[in-house]
Amino acid sequence: MALIFSAGISVYSVMQPQIEEMTTSGLKVALENKVKLIENQIAHSVANTKALSTRIFLTQSLEKIYSDESNDEGITGLIKSVDKILTTHFMGIKIHDVEENLILSSGINSTSPDLAVELDTDPDIHTVLLWDGQFIVRNSIQLLDEKNNPIARITTEEAMFDLTRIFKEAILIGKTGDFLLCAPVKDNDLEMDCFLRGFNGNQFKRMQRIMHNKPLPIHFALAGQSGIKFTQDYRQTDVVAAHSPVAYGLGAVLKIDEKELYSHLTQQTKTIALYLGFLVLIGMAIVYWLTVPLIQKSIKSRNTSLKAHKELIEAKNEAEEISSELTAYLDAIGKLALISITDDQGSIIQVNEKFCEISGYSQKELIGQDHRILNSRTHPKSFFMEMWETITKGQTWHQEICNRNKSGGLYWVDSTIVPLVNTSGKIDHYLSVRVDITARKQKDLDLSERLKESNCLHTVRNYLEQDLSVEKTCQSILNCLTLALQFPEMAVAMIKLADKKFTTAPYQDNLLNTISAKIIANGEICGLLQVSYIQDLPFALPYEQNLIATVAHDLSRWYERTEAEKRIIEMATHDALTGLPNRHLLQDRIEQALVHDTRSQKQMAVLFIDLDHFKTINDSLGHDIGDLLLKAVAERLLICVRNEDTVARQGGDEFIVVLNSITESLDAAKVAQKILDSLLRPYYIHKNELHIGGSIGIAVFPNDGANAETLLKNSDVAMYHAKENGRNNYQFFTDELNKSAHERHTLGLDLRYALERNELVLYYQPVMDMPNHQLYSVEALLRWRHPEHKLIAPDKFINLAEETGLIIPIGEWVLKTVCAQIKSWQEQGYIVPKVAINLSARQFRDKELINNISRILSETGVEAKYIALEITESMLIDNIERVVETLNCLNAMGIQISIDDFGTGYSSLSYLKRFPIHTLKIDRSFVRDIVTDKNDRTIVATIIAMAHSLEMDVIAEGIETEEQLNLLMAQKCNHYQGYYFSKPVPVSEIERALLKPIPPTSKIRVIHSAK
């Protein structure tokens, strides 16, 4: 009976803390959920308002409102924008100007809330939580213009439906459940404003945080503490309260009366007492029923115990005999094998001397330990799980294991584990017999590693030879490399290349067991190859450093080659100054857009933009300022168009914009006006405030042309019409604008008679050798002495000659004139330099080119070695076989071939090797900024190095300063040309630079006088 009564008391004592624990745990979890809900609701509202403040259309509409001209348009746009926003998150929006005058109020805005508290949010935004029939979050934030100056203030109100539901609909814990959400009163640490959700309804009032010198639970929440308290609330009622801080300076409490907490336990006490009485009666009956059989069994048990004692003595003797035999067996094999015995939990209870010798541990250090002390972390967990699964079933397990000795070295053993069972058939020991196979295993591993390294290098080099992206190449190499390491399942790797980083999946920084090799391209460190083990294996990785170093070296050479090809392609397809597509890439973009828009039945527009008065700025402030201005213009143009549109630099101060897939011509007009407005904003460059405008011509596909050439030509015509209409405007191409082509047609007619009237003349510009300023060669440059327009440069009429076909007879005249001049110099006794002549694309494609050159050389009696022909890169990429045939014929004649303006077109290196090219002429656009622009300096160095590797000479054009000359000489450029030495001059002036051979008698006199 005493036992049963004690059990009843124990049940009661156990139930009381369990009920308390369940209730407090429920309160805590419920409060945490509500706190998270409140924080998420407020954070979401603040984020919505911040996102709204960054919308550019609001600031644009406000700027129009402040503008007298666009006031109505700005208000209309603002109303439409706000009405659209109200359909998303907010219930009301107000906008005030910087002087707090109301500009716009839309939606439903609260006027006189029952209670409002300020929340602690970011300094940039002011947030208030208020109650007006429901919970509302009001956010107020400044709107900033492009210069980050305040332009207005926007106030949003967003309904907190989930928070309102807590106070209106949510069922609290218990009948006396109560929920408080409070905020401290500013400048008063003793008061707070609270939202109360109780069983009797909602209340909103200001309360004291400490009553009767005792802090309320909400006081702890506002102080940033969370937990459970058995205390009194503001009603002075004993409660169990869960309290927690809420973000933004709020605190929350969820509580229940303590009386309700213990009411369930009191009701169950009566029931427990009734059952206890019933159990007492039953217990008395059971005790009587059990007593008599127990007495009888005790007598029988004594006899059984005597018999069992006898059997136990016999079993002990038998076990001692077996143990003696087992010990003898172990001693026999202990001299060769590592033997250990563990209990059924794996703890070592006995080891032999061989085990201690190989492992490096003493018996004292091993006894009581398990075999994890030898774990090398080479095998996965599944390896040992399979082992335990086998031996616990009573089966023998046999595998090769890699262990680690006390000094950290690895050794391999052939291990056999045998379960030992006792007389009752249960496993109580495990016998482990291990044979040291380290020597054999190491030999096998070395052979395997060498084979894996060889296969890895073959695979890596195969990846590097493929035309893959940088990311795919690096990722493939990493995967291949980790598989080649000694422990691939634990290996991770990383390649850092330029500003990109590639890793295998489980990679992490700052691993201790790491080896690495630098990736070096063009003599500079540009990356790092690193491999690591995620577990501590300091004895493994150093042996694989050679493999890592070899792969890093291969990566270096591949990256160096890839970057060189990228630079050449970039040079060929993009403008060197602005980085925009150049004319060649622009043509390709337009053709692609034409195909797409023809298929989709869309229109396309080409905008030809010429900057107004750019030459004035360039001449007055210098080319450096002019170049920076062109870069700034390029940036503004990119901002004015979509990502799918193209902005290209035509040359000089001319830009082309291609608008893809427009709906109507007016779309192009809108973009053109946007560009004009953007260009008019002042530019601030090196403390100079610059102002510039633009004239834009627009040609629209398909009405104004069906191909790239026509659209570009017509947009150019329209641009000149815009200039004639006062500049800083845009004009569409129309048929009337074709009349302006009449002047160009007239110039073409005049060009036809230029040869007959002897109006063409050749100027010569010297090409020098350094450092002794010797004349190496001269370049013949064509000029036109027009009777009305005076001296005309070739860029004004060569294209016209190309289009009309006059370039063929003009080219013959140039060659004849040069040959005649060479003959004249020879007759006068001058040492005649090589003369370079420019070939146009149409001349180069002329089938009679070889015959005409051969005929003229024969007629004039001039040797081909005095002639060098200059062609452009673009001539080399069309009909490669024909180009190779033509160049080989010219080379066979003894004429040298130069590539002019190298770097501005596109030449595949594989093709360049096939051509008999003798000289590369670096374009002046790269030489111009070589002193100040590191990129141009790198490009020039790359071209010179590449040319020398292909056994070609290099001529640098456009040299104007001594600094440019010195840098080029440092790069071992072969020859130099530019205004620094001489402008193109008439034949009479170039003869001053020619030398005459010293007569033999003069040489004798010089030698004699020297003696």
Side-chain angles (χ1 to χ4, degrees), residues 470 496-501 518-528 555-582 585 618 621-635 638 649 651-652 683-688 770 873 901-907 909 920-949 954-980:
V470 174
K496 188 181 293 182
L497 201 56
D499 57 345
K500 294 183 179 179
K501 183 177 180 180
K518 296 175 182 177
I519 301 173
I520 301 174
N522 296 318
E524 295 182 358
I525 298 174
C526 60
L528 183 72
L555 265 172
S556 300
R557 301 289 73 78
W558 169 79
Y559 184 73
E560 188 172 297
R561 185 178 70 251
T562 302
E563 287 299 298
E565 292 177 354
K566 282 170 60 178
R567 283 196 297 271
I568 292 174
I569 293 174
E570 183 74 14
M571 288 157 47
T573 58
H574 287 77
D575 174 50
L577 176 64
T578 63
L580 297 175
N582 60 15
L585 183 56
N618 210 32
L621 297 178
H623 291 292
D624 291 342
I625 299 296
D627 287 348
L628 292 174
L629 178 58
L630 289 174
K631 289 182 179 180
V633 168
E635 292 173 358
L638 288 170
R649 185 183 177 205
Y683 300 83
Y684 299 95
I685 299 175
H686 287 186
K687 299 182 180 180
N688 296 300
M770 299 303 291
E873 292 177 84
D901 300 335
F902 186 79
T904 60
Y906 172 73
S907 293
L909 294 179
L920 299 182
K921 297 189 72 174
I922 302 175
D923 185 72
R924 66 184 68 251
S925 63
F926 301 120
V927 175
R928 179 182 58 199
D929 297 327
I930 190 174
V931 177
T932 58
D933 192 326
K934 182 180 178 182
N935 293 329
D936 284 350
R937 200 155 53 245
T938 302
I939 291 170
V940 169
T942 302
I943 294 174
I944 294 174
M946 180 192 69
H948 287 170
S949 67
V954 180
I955 298 176
E957 294 181 293
I959 300 173
E960 297 181 2
T961 66
E962 187 173 358
E963 291 83 359
Q964 295 171 340
L965 178 62
N966 291 336
L967 282 172
L968 290 165
M969 290 174 63
Q971 295 295 337
K972 298 185 179 179
C973 181
N974 302 101
H975 316 293
Y976 310 85
Q977 181 180 359
Y979 282 14
Y980 178 81

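Just so we're clear, the structure is a prediction, and the values are computed from it rather than from any experiment.
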Inset, instruction - Flag the pair Tyr980 / Gln964 as yes when at least one side-chain heavy-atom distance between them is below 4.5 Å, and no otherwise. - result: no
Inset, instruction - Identify the heavy atoms of Leu577 and Lys631 that sit nearest to each other, and give their distance. - result: O-CE, 3.3 Å
Legend entry - Ile944 side chain near Ile922 side chain, heavy-atom distance below 4.5 Å: yes
Legend entry - Approximate separation, where rounding is to 0.5 Å, of Ile685 CD1 and Asp624 CG: 11.0 Å
Legend entry - Euclidean distance, Glu635 CD relative to Thr578 OG1, rounded to 0.5 Å: 10.0 Å
Inset, instruction - Please name the pair of heavy atoms, one in Phe926 and one in Phe902, separated by the smallest distance, quoted to 0.1 Å. - result: CE1-O, 3.7 Å
Inset, instruction - Can you measure from CD1 (Ile519) to CG (Leu528) and round to the nearest 0.5 angstrom? - result: 7.0 Å
Legend entry - ring pair (Phe, Tyr, Trp, His ring centres under 6.0 Å) involving His975 - partner list, sequence neighbours excluded: Tyr776
Inset, instruction - For the pair His948 and Val954, evaluate side-chain contact (heavy atoms from CB on, under 4.5 Å) and give the outcome as yes or no after the intermediate values. - result: CA-CA 8 Å; His948 287 170; Val954 180; 4.3 Å; yes
Inset, instruction - State the CG-CG distance between Asn618 and Leu630, to the nearest 0.5 angstrom. - result: 7.0 Å
Inset, instruction - Apply the test side-chain contact (heavy atoms from CB on, under 4.5 Å) to residues Asn522 and Tyr559: give CA-CA distance (whole Å), side-chain angles for both, the deciding distance (0.1 Å), then the verdict. - result: CA-CA 10 Å; Asn522 296 318; Tyr559 184 73; over 6 Å; no
Inset, instruction - May I ask you to test the His574-Asn582 pair for a side-chain heavy-atom distance under 4.5 Å? - result: no
Inset, instruction - Evaluate the criterion side-chain contact (heavy atoms from CB on, under 4.5 Å) for residue pair Met946 and Leu920; output intermediate values, then yes/no. - result: CA-CA 10 Å; Met946 180 192 69; Leu920 299 182; 4.0 Å; yes
Legend entry - Under the side-chain hydrogen bond (donor to acceptor under 3.5 Å, both in side chains) test, residues paired with Ser556 that sit two or more places apart: none
Legend entry - Close side-chain approach of Glu963 and Leu967, heavy atoms under 4.5 Å: no
Inset, instruction - Check whether any side-chain heavy atom of Tyr683 lies under 4.5 Å from a side-chain heavy atom of Val633, and answer yes or no. - result: yes
Legend entry - Between CG on residue Leu580 and CZ on residue Arg649, distance to nearest 0.5 Å: 8.5 Å
Legend entry - Distance in Å, Glu960 CD paired with Arg924 CZ, rounded so as to fall on 0.5 Å steps: 8.0 Å
Legend entry - Identified side-chain contact (heavy atoms from CB on, under 4.5 Å) counterpart of Arg928 within the set Asp627, Asp923, Asp936, Ile959: Asp627
